[in-house]
Amino acid sequence: VSVKGQPDLKILSRRGFYTTPPPAVPEVAAAKPAAKDSKGAALKPSEVELRAAITGAFPRRQLGLSTYTSYANESGATYKIITFADISNYQVTPGAGSKAGEVDFYVTLLDSTGKSVTSVGQKVNIGETSPQPFRVVTTLPNALPPGLYQARVAARDAQSGRVGSSFQWIEVPKLEPGKLALGSLLLAEITGKAGETPALDVDRRFARTSSMLIQMFVYNAKPAGGGSPDVTVTLKIMQNGAQVVAAPPQPVSTAGVTDMTRLQYGAEIPLSGFPPGRYVLNVTANDRAANSSASQQLNFTIE
């Protein structure tokens with residue numbers, strides 16, 4: 001596989017393809033007692049099932065699991081990776097209080113060669129009155145250089161044995177002084193309810209009666225006159241390849257910002273005028289002082 005006229009691009013593709021649906025997975029996967037870790041110690045059944053879910057070719061759907069992995073620059077030229085996971089369809093023990101439910105949770109990040117570069121495993125206790133879905137936020141421990149990665153997340157309900165998994169590709173941009181770069185797009189739903197605190201919408205599914213809040217960071221814009229960057233952001237919404245909305249460029253405010261290399265951008269889009277369906281949000285930041293731009297896009301659904 002190649003891209004005509006672009007010999008500098010490296011293409012990743014599978015060596016084959018599947019002609020049939022993935023095989024059915026039992027509600028509770030059978031453990032393999034003989035499985036061992038790298039030191040020869042026998043693995044617990046939960047560890048066996050989590051490893052099978054993490055390394056599988058297809059996501060597991062017995063346990064409800066929706067995830068979104070984002071990256072953010074904190075210092076230097078490396079990035080921190082944060083995974084947001086919403087877990088549902090888990091079981092709880094009535095009367096057990098803060099430990100009514102228990103989920104084994106694992107996140108690993110693979111580089112473009114398929115090698116794991118950082119991971120986190122933890123046991124999550126869920127209270128009897130905790131809302132479903134239950135959110136788990138995990139910051140992976142290693143800072144990462146730029147490149148293409150795949151985040152693989154798996155969770156197992158300790159009571160039912162149900163397993164869920166999720167895979168996501170992310171491309172971490174190169175961060176260089178004076179070179180414009182963007183952080184991950186974060187989308188939240190605003191319903192207008194009293195006392196509402198918007199939170200990241202992992203599924204990116206929004207009601208037509210709500211508004212979509214867009215947030216991201218703009219990195220390394222070039223200082224313009226007066227020492228402050230001159231950056232604008234243009235929003236476009238696409239559906240089936242056709243442009244539905246094209247908002248005029250909006251300046252990124254630098255008021256009160258102490259670190260001009262990290263500008264925070266936010267915008268709110270009412271959704272009442274959109275018919276239900278799948279859309280693509282395209283966000284482009286333009287550095288007018290450096291005459292450069294950077295873009296991000298993300299799918300979302302209006303119900």
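Only a predicted model underlies this, so the values are computations on that prediction, with no experimental measurement involved. All residue numbers in this chain count up from 1 along the given sequence.
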J.: Are side-chain heavy atoms of T69 and Y149 found at a separation under 4.5 Å?
T.: no
J.: Can you confirm whether N291 is buried at CG, in the sense that more than 12 heavy atoms of other residues, nucleotides or ligands lie under 6.0 Å from that atom?
T.: no
J.: Minimum heavy-atom separation for L175 to A181, with atom names?
T.: CD1-CB, 4.0 Å
J.: Rounded at 0.5 Å granularity, tell me how far CD1 in I269 sits from CZ in F206.
T.: 10.0 Å
J.: Please answer whether the main-chain N or O of P141 pairs with a side-chain N or O of K80 as donor and acceptor at a distance below 3.5 Å.
T.: yes
J.: Does the distance from a Lys or Arg side-chain N to an Asp or Glu carboxylate O, for D287 and K222, drop under 4.0 Å?
T.: no
J.: Look at the side-chain heavy atoms of Ile, Leu, Val, Met, Phe, Trp and Tyr, link any pair under 4.5 Å apart, and say whether L50 and V48 land in one connected group.
T.: no
J.: Find out whether T118 and I81 are in side-chain contact, i.e. whether some heavy atom of one side chain is under 4.5 Å from a heavy atom of the other.
T.: no
J.: Each residue besides L213 in its hydrophobic cluster should be listed here, by chain and number; the cluster joins Ile, Leu, Val, Met, Phe, Trp and Tyr at side-chain heavy-atom distances under 4.5 Å.
T.: I190
J.: Within the 4.5 Å heavy-atom criterion, are V103 and V136 side-chain neighbours or not?
T.: no
J.: Any idea which heavy atoms bring I87 and Y90 closest together, and the distance?
T.: O-CE2, 3.4 Å
J.: Which residue pairs pass the salt bridge (Lys or Arg N to Asp or Glu O under 4.0 Å) test with at least one member in residues 188-216, sequence neighbours excluded?
T.: R205-E303
J.: My understanding is that only residues two or more places apart in sequence, or in another chain, count here; which of them pass side chain to side chain contact (heavy atoms under 4.5 Å, CB included) with T209?
T.: A207
J.: When you compare the side chains of N282 and T284, does any donor N or O come within less than 3.5 Å of an acceptor on the partner?
T.: yes
J.: Below 4.5 Å, heavy atoms only, C-beta onward: do L187 and Y68 meet side chain to side chain?
T.: no
J.: Scan residues 103-131 for pairs that pass salt bridge (Lys or Arg N to Asp or Glu O under 4.0 Å), counting only residues two or more places apart or in two chains.
T.: E102-K123, D104-K123
J.: Quick one: does any side-chain atom of R152 pair with a main-chain N or O of G56 as donor and acceptor, under 3.5 Å?
T.: yes
J.: Can a donor-acceptor pair be found between the side chains of S70 and S184 at a distance below 3.5 Å?
T.: no
J.: Can you sort out the partners of D259 under salt bridge (charged side-chain N to carboxylate O under 4.0 Å, His left out), two or more places apart, ordered by chain and number?
T.: R262
J.: For the pair N142 and V117, evaluate side-chain contact (heavy atoms from CB on, under 4.5 Å) and give the outcome as yes or no after the intermediate values.
T.: CA-CA 8 Å; N142 297 349; V117 293; 5.9 Å; no
J.: Just wondering, do P270 and S211 contact through their side chains at under 4.5 Å, heavy atoms?
T.: yes
J.: Would you check if T138 and I82 make a side-chain contact, meaning some heavy-atom pair closer than 4.5 Å?
T.: no
J.: Determine yes or no for a side-chain-to-main-chain donor-acceptor pair under 3.5 angstrom, with S165 supplying the side chain and I54 the backbone.
T.: no
J.: Distance-only, no hydrogens or angles: does the Q215 side chain make a donor-acceptor pair with backbone N or O of Q264 under 3.5 Å?
T.: no
J.: Would you find a donor on one side and an acceptor on the other, under 3.5 Å apart, between the side chain of Q132 and the backbone of N89?
T.: yes
J.: Apart from V280 itself, what residues make up its hydrophobic cluster when side-chain heavy atoms of I, L, V, M, F, W and Y under 4.5 Å apart count as a link, directly or indirectly?
T.: M238
J.: What are the two closest non-hydrogen atoms of L235 and A267, and how far apart are they?
T.: CD1-CB, 4.0 Å
J.: Given 3.5 Å as the limit, does a donor-acceptor pair link the side chain of N220 with the main chain of E176, or not?
T.: yes
J.: Please report the closest heavy-atom contact between T301 and R278, naming both atoms and the distance.
T.: OG1-CG, 3.7 Å
J.: Could you tell me whether a side-chain N or O of Y219 sits under 3.5 Å from a main-chain N or O of N73, the two making a donor and an acceptor?
T.: yes
J.: Within a strict 4.5 Å, meaning less than it, do heavy atoms of the L263 and P229 side chains meet?
T.: yes
J.: Closest approach of V231 and A285, non-hydrogen atoms and distance?
T.: CG1-CB, 4.3 Å
J.: Just so I know, are the side chains of Y279 and V245 near enough to count as touching, which here means a heavy-atom distance under 4.5 Å?
T.: no
J.: Answer with yes or no whether the hydrophobic clustering places Y71 together with L110; edges join I, L, V, M, F, W, Y residues whose side-chain heavy atoms lie under 4.5 Å apart.
T.: no
